[in-house]
Amino acid sequence: NPAFRSWREQSQTVSPAPLHYILGFGLILAWAVVGIARARPRIKYIRLKGSSHDFLIVWTLAVPLLVYAPTSIQRRFLDGYQAPLTVLAALGLWGTFSGVRRPLLRKMYLGLLVGLMTLTNLLLVAGGLAMLPGRGIPIYRPAEERAAADWLAQRAQGDVVLSSYQSGNYLPTRGLVRVFLGHRPETMRSAEKYALVERFFDVTIDDAWRRNLLAEYSVGYIFWGPAERALGDFDPALSDYLIPIYDVDGYVVFEVLGDDGV
């Protein structure tokens, strides 16, 4: 399947250095190792309706090998990896501190360790909140852009829209719009199309080339906003084969006319 082949080639999710994983999983990884060491001698106590932690142990030990296997999807093997780690970490924690005779002291130790393990999540939340005051793209989109995108979604359902990458990655979120260039891994030959879009908005390019491109990919509409203007000085309004059908607050939508003027 050419679409899936293109996605596989473009979706490069390779692993970073092992130190990144070690620091990322932190204490949970360390206590999972303790849990693995304790699971085998205590296997008769941890059986749950015919299953055991053997599967979780194999899962935990296999993933470090898979994330460095010679494939382009290394990081995807981490999906769900927190599940076996947290179960084994809980086993390690309980096995270590269950021998503490004073309940209050045991709860204090466990509470402190669990609290430390939550810091990663807190840092992620704090990092996200820190980005909010700036109200920058892509977290926030201009109201004018949203209005143009919503209008286009009603007009161009199923039609191909040519725009910049920034706009093309956003327009399908507002409706059933097919974009010439959008999400990189899910746009076939995205690098080639990125170059074609840049050339399209280059004012030095001949209009005949543009018309051929639009016809080849059955493009029905051009979305023209600040991101498109930043790519070049080409003004679609000066072309007789592009008709403006929406022009509000700096966002313009052009309909592409065919060779017969329709």
Side-chain angles (χ1 to χ4, degrees), residues 4 7-8 10-140 169 173 183-186:
F4 286 120
W7 176 86
R8 183 189 63 194
Q10 296 175 160
S11 182
Q12 300 292 322
T13 54
V14 296
S15 288
L19 182 61
H20 289 265
Y21 287 139
I22 294 173
L23 293 176
F25 289 113
L27 287 175
I28 291 180
L29 179 61
W31 282 106
V33 173
V34 176
I36 292 174
R38 289 183 170 273
R40 300 307 304 167
R42 296 166 53 93
I43 197 69
K44 63 180 181 179
Y45 298 110
I46 56 177
R47 291 192 177 277
L48 299 173
K49 294 183 179 180
S51 65
S52 74
H53 287 75
D54 287 354
F55 171 70
L56 298 180
I57 293 172
V58 172
W59 186 355
T60 301
L61 297 178
V63 166
L65 302 178
L66 293 173
V67 294
Y68 290 105
T71 70
S72 62
I73 57 171
Q74 293 173 339
R75 290 203 312 273
R76 297 190 183 275
F77 290 112
L78 289 171
D79 288 351
Y81 192 45
Q82 291 83 353
L85 287 183
T86 50
V87 173
L88 292 172
L91 176 64
L93 281 168
W94 180 251
T96 299
F97 292 100
S98 60
V100 179
R101 295 183 178 180
R102 296 183 179 180
L104 182 60
L105 193 59
R106 182 171 62 244
K107 292 180 180 179
M108 184 179 69
Y109 286 152
L110 290 173
L112 177 62
L113 286 170
V114 172
L116 288 173
M117 292 180 191
T118 64
L119 291 180
T120 300
N121 289 336
L122 293 177
L123 288 173
L124 288 173
V125 173
L129 292 175
M131 299 176 66
L132 297 181
R135 297 180 178 272
I137 294 176
I139 296 178
Y140 290 90
N169 200 30
T173 69
H183 187 264
R184 290 184 188 276
E186 297 178 8

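For clarity, every value in this text was computed on a predicted model and none was experimentally measured.
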(request) Search all heavy atoms of G80 against all heavy atoms of W59 and return the closest pair with its distance. (result) O-CZ2, 3.4 Å
(message) To check you understand the geometry: which heavy-atom pair defines the closest contact between F77 and L66, and what is its length?
(response) CD1-O, 3.4 Å
(message) Once rounded to the nearest 0.5 Å, what's the spacing between atom OG1 of T118 and atom CG of L123?
(response) 9.5 Å
(message) For the CE atom on M131, are there more than 12 heavy atoms of other groups (residues, nucleotides or ligands in this structure) within a distance under 6.0 Å?
(response) no
(message) Assess the residue pair L119 and L122 against the criterion (side chain to side chain contact (heavy atoms under 4.5 Å, CB included)); give the C-alpha distance rounded to whole Å, side-chain angles, the decisive distance to 0.1 Å, and a yes or no.
(response) CA-CA 5 Å; L119 291 180; L122 293 177; 4.2 Å; yes
(message) If you compare all heavy atoms of Q10 against all heavy atoms of R184, which two are closest, and at what distance to 0.1 Å?
(response) NE2-O, 2.9 Å
(request) Enter the distance from Y68:OH to Y21:OH here, rounded to the nearest 0.5 Å. (result) 5.5 Å
(message) Can you tell me how far apart CD1 (I73) and CG (L78) are? Round to the nearest 0.5 Å.
(response) 11.5 Å
(request) Using modelled atom types only, decide if a donor and an acceptor are shared between the side chain of R75 and the backbone of S15 within a distance under 3.5 Å. (result) no
(request) Supply the atom-to-atom distance L91 CG to T96 OG1, rounded to the nearest 0.5 angstrom. (result) 8.5 Å
(message) Could you check whether any side-chain N or O of Q74 sits under 3.5 Å from a backbone N or O of A69, counting only pairs where one atom can act as donor and the other as acceptor?
(response) yes
(message) To the nearest 0.5 Å, what is the distance between CG on N169 and CD on E186?
(response) 9.0 Å
(message) Once rounded to the nearest 0.5 Å, what's the spacing between atom CE of M117 and atom CD1 of I28?
(response) 6.0 Å
(message) For a quick test of reading the model, state the closest non-hydrogen atom pair linking P64 to V67 and the distance between them.
(response) O-CG2, 3.4 Å
(request) Locate the shortest heavy-atom distance separating Q12 from S72; write the atom from each residue and the value. (result) OE1-CB, 3.3 Å
(request) For F97, enumerate each residue passing the ring-ring contact (aromatic ring centres under 6.0 Å, His included) test, keeping only those at least two apart in sequence or located in another chain. (result) W31, Y109
(message) Could you check whether any side-chain N or O of T86 sits under 3.5 Å from a backbone N or O of A83, counting only pairs where one atom can act as donor and the other as acceptor?
(response) yes
(message) Is it the case that over 12 heavy atoms from other parts of the model lie below 6.0 angstrom from the CG atom of L104?
(response) no
(message) For a quick test of reading the model, state the closest non-hydrogen atom pair linking S11 to R76 and the distance between them.
(response) OG-NH2, 3.0 Å
